[in-house]
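A short worksheet on the structure shown next.
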Amino acid sequence: MSSNMSVLIIYTGGTIGMVMDQETQSLVPLNFDIIKEQLPELNRFQVKLESLSFDQPIDSSNMSPDIWKELAGVIHTNYDSFDGFVVLHGTDTMSYTASALSFMLEDLSKPVVFTGSQLPIGMLRTDGRENLITAVEIAAAKENGVPIVPEVALYFENKLYRANRTSKSSAEHFEAFTSYNYDPLATVGVSIRYN
């Protein structure tokens, strides 16, 4: 992946963006301005990363069409400046937001990859680290100069799904999403296998 690739990470809220405050022992939002310091693995991609956070992190249960509109607006405003987008979102309503954006962002020719986690990114066993790293890799992936996934997608626990074909199927397992009527766009193991 060349260093002229750029990805905007948009943090709307959700478990993935939380870390433990050592003084208060409570969960607080991660400072996404220094995401590459907190996740040094992201530096190995040689992708220009920028981040943008909603002023107030939004609990997944408080998502609404007004927020979908705001999120679509953020992507529209930044569309020409980035090769891809990663949206960090709470898992309970992620399918709804991702699906809505798949219809709101017409004529999309760049990846918009939704992801999140079941455990906060600051926890030792978090699934958020791998979900975020792979979502960035997918958002920056091109073949012959063309994005491999030029659509709104949802990445979670080794599978990339078409956004408007997903449902949350588990609150307990890391494999939290399912696409009942549409095969995954990609499966992730040692390498990413795009379908």
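Excluded from the calculations below are hydrogen atoms, water molecules and symmetry mates; all remaining heavy atoms, backbone and side chain alike, are included. All residue numbers in this chain count up from 1 along the given sequence.
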Practice task
Kindly indicate whether the side chain of Ile133, heavy atoms from C-beta on, has any atom under 4.5 Å from the side chain of Leu42.
Solution key: yes

Exercise for the section: For the residue pair Trp68 and Met104, establish whether any side-chain heavy-atom pair is separated by less than 4.5 Å. Expected result: yes

Please confirm whether the backbone N or O of [Y] pairs with a side-chain atom of [X], one donor and one acceptor, at under 3.5 Å?
X      : Y      : value
Asp59  : Ser61  : yes
Ser109 : Pro150 : no
Asn131 : Tyr155 : no
Thr115 : Leu88  : no
Asn78  : Val74  : yes
Asp83  : Ser6   : yes
Thr93  : Ser60  : yes

Taking atom [atom1] of [X] as the centre, report whether more than 12 heavy atoms of other residues, nucleotides or ligands fall under 6.0 Å from it.
X      : atom1 : result
Gln25  : CD    : yes
Met123 : CE    : no
Tyr11  : OH    : yes
Asn195 : CG    : yes

Do you know the tightest heavy-atom contact between [X] and [Y]?
X      : Y      : result
Val113 : Ala135 : CG1-CB, 3.8 Å
Phe85  : Ala139 : O-CB, 3.9 Å
Thr91  : Ser117 : CG2-O, 3.6 Å
Ala98  : Val152 : O-CG1, 3.5 Å
Glu23  : Asp21  : N-OD1, 2.8 Å
Thr166 : Tyr161 : CG2-CB, 3.3 Å

How far does [atom1] of [X] sit from [atom2] of [Y], to the nearest 0.5 angstrom?
X      : Y      : atom1 : atom2 : value
Arg162 : Tyr182 : CZ    : OH    : 3.5 Å
Leu52  : Leu8   : CG    : CG    : 5.5 Å
Met5   : Phe82  : CE    : CZ    : 12.0 Å
Leu119 : Arg125 : CG    : CZ    : 6.0 Å
Thr134 : Glu157 : OG1   : CD    : 10.0 Å
Ile148 : Glu137 : CD1   : CD    : 9.5 Å

Exercise for the section: Assess Lys110 against Tyr79: is NZ or CZ under 6.0 Å from the centre of the six-membered ring, and within 45 degrees of the ring's axis? Expected result: yes

Exercise for the section: Dump the intermediate steps for side-chain contact (heavy atoms from CB on, under 4.5 Å) on Ile67 and Thr12, then the final yes or no. Expected result: CA-CA 9 Å; Ile67 298 168; Thr12 66; 5.8 Å; no

Exercise for the section: Sort out for me which residue in Ser179, Ser95, Ser102 forms a side-chain hydrogen bond (donor to acceptor under 3.5 Å, both in side chains) with Asn164. Expected result: Ser102

Problem - Verdict with supporting geometry, Tyr194 and Glu143, side-chain contact (heavy atoms from CB on, under 4.5 Å) - result: CA-CA 11 Å; Tyr194 295 97; Glu143 193 169 72; over 6 Å; no

Practice task
Mind running side-chain contact (heavy atoms from CB on, under 4.5 Å) on Arg129 and Glu41 for me, showing each step along the way?
Solution key: CA-CA 9 Å; Arg129 182 178 301 268; Glu41 300 91 332; 3.1 Å; yes

Exercise for the section: State yes or no: do Phe103 and Val87 share one hydrophobic cluster built from I, L, V, M, F, W and Y residues joined by side-chain heavy-atom distances below 4.5 Å, directly or via other members? Expected result: no

Exercise for the section: List the steps, then state whether side-chain contact (heavy atoms from CB on, under 4.5 Å) holds for Ile192 with Leu160. Expected result: CA-CA 10 Å; Ile192 300 176; Leu160 181 71; over 6 Å; no

Handout entry: salt_bridge(Glu50, Lys48) N-O dist < 4.0 Å
Key = yes

